[in-house]
Amino acid sequence: AQSVAQPEDQVNVAEGNPLTVKCTYSVSGNPYLFWYVQYPNRGLQFLLKYITGDNLVKGSYGFEAEFNKSQTSFHLKKPSALVSDSALYFCAVRDVGDDKIIFGKGTRLHILP
Amino acid sequence: GAVVSQHPSWVICKSGTSVKIECRSLDFQATTMFWYRQFPKQSLMLMATSNEGSKATYEQGVEKDKFLINHASLTLSTLTVTSAHPEDSSFYICSATSRAIADTQYFGPGTRLTVL
């Protein structure tokens, strides 16, 4: 069965500093990996995904993520954080051939001005 | 592109009544729609998967007679919470996907249900 772990409940970063939000996964086959962001009382917004190809995936709002097969990780990164990046971030995984995606528990990102 | 809407954005109802929530894909045809429930400060819990024209597949522990799902067209799915009780109060979120959008799920803005 597939699973995804986000080990940090909260990450605090000063504005302008680089940020990393961690995610590790477990699937039986090749994974589809996703990052979503959720602002208060809103649905989820798609940021980026990895299906195949280049391990470094670039997405919306300057975010990127690196697929690392040996470490089964898909950490979300941004070179310079903005206060407006403060939100709840979800990593998700989908096994090939399965419609469902499994979400991590979420990491709350606080960007300090 | 890939916009999903939900209606209503919030609803308050009395215990024992039924509430219908609509999920629409606005700029693509969604072969599959998903319904999630989110409790405060928690992750999303998948309730059911619905494919257009067929019965929904419910996750373990989700009562299909309580949460009725209809996916009558490629752009509309509805979730009806029947005989709602206060413990059904939650944030309900739908998502939609299709092969045309590379199987990525796009989410609606959510519906806040409060049952008094």
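We use all heavy atoms of the structure for the numbers below, so side chains are in, but hydrogens, waters and symmetry mates are not. Bear in mind that the values here come from a model prediction, so they are computed numbers and not experimental data. The sequence lines fix the lettering, A, B, ..., with proteins before strands; numbering per chain opens at 1.
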Run the side chain to side chain contact (heavy atoms under 4.5 Å, CB included) check on E59(B) and K100(A) step by step: do they pass? CA-CA 11 Å; E59(B) 294 300 301; K100(A) 299 187 293 187; 3.4 Å; yes

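Hydrophobic clustering (ILVMFWY, side-chain heavy atoms < 4.5 Å, transitive): Y50(A) and L48(A) are in one cluster. Using a 4.5 Å cut-off between side-chain heavy atoms of Ile, Leu, Val, Met, Phe, Trp and Tyr, with links allowed through other members, Y89(A) and V11(A) fall into the same hydrophobic cluster. Under a hydrophobic clustering in which Ile, Leu, Val, Met, Phe, Trp and Tyr are joined whenever their side-chain heavy atoms come within less than 4.5 Å, directly or via other members, I21(B) and M45(B) fall into the same cluster. Under the 4.5 Å side-chain heavy-atom criterion for ILVMFWY residues, a single connected hydrophobic cluster contains both V115(B) and W35(B).
Looking at residues two or more places apart in sequence or on another chain, you find no ring-ring contact (aromatic ring centres under 6.0 Å, His included) involving F91(B).
Note: L44(B) leads T97(B), T57(B), T111(B), L44(B) in heavy-atom pairs under 4.5 Å with chain A. By number of non-hydrogen pairs under 4.5 angstrom with chain A, the leading residue of L46(B), T104(B), I93(B) is T104(B).
Counting non-hydrogen atoms of other residues, nucleotides and ligands closer than 6.0 Å to NE2 of H110(A) gives a total above 12. Enclosure of atom NZ in K64(B) is not indicated, since only 12 or fewer non-hydrogen atoms of other residues, nucleotides or ligands lie within 6.0 angstrom. The 12-atom threshold is not exceeded at CZ of R42(A), counting heavy atoms of other residues, nucleotides or ligands nearer than 6.0 Å. Within a 6.0 Å radius of NZ in K22(A), other residues, nucleotides and ligands contribute 12 heavy atoms or fewer.
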Indicate every side-chain donor-acceptor pair of residues 49-56 of chain B with a distance under 3.5 Å to a residue at least two apart or in another chain.
residue, atom, partner, partner atom, Å
S50(B), OG, H71(B), ND1, 2.8
N51(B), OD1, T32(B), OG1, 2.7
S54(B), OG, N51(B), O, 3.2

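F103(A) touches chain B through backbone and side chain together, each having a heavy atom under 4.5 Å away. Of the atoms belonging to Q42(B), it is backbone heavy atoms, and not side-chain ones, that fall under 4.5 Å from chain A. With a threshold of 4.5 angstrom between heavy atoms, I51(A) approaches chain B through side-chain atoms but not through N, CA, C or O. Residue Q6(B): no heavy atom, backbone or side chain, is found under 4.5 Å from chain A.
The list of disulfide bond (SG atoms under 2.5 Å apart) pairs with a residue in residues 33-113 of chain A, not counting sequence neighbours, reads C23(A)-C91(A).
Here Y106(B) contributes atom OH and Q45(A) contributes atom CD; the two are 11.5 Å apart, rounded to the nearest 0.5 Å. With rounding to the nearest 0.5 angstrom, the CG atom of L44(A) is 9.0 Å from the OH atom of Y36(B).
No side-chain donor-acceptor contact under 3.5 Å links S43(B) to the backbone of G106(A).
Taking 4.5 Å as the heavy-atom cut-off, the residues of residues 29-40 of chain A that approach chain B are F34(A), Y36(A), Q38(A), ordered by number.
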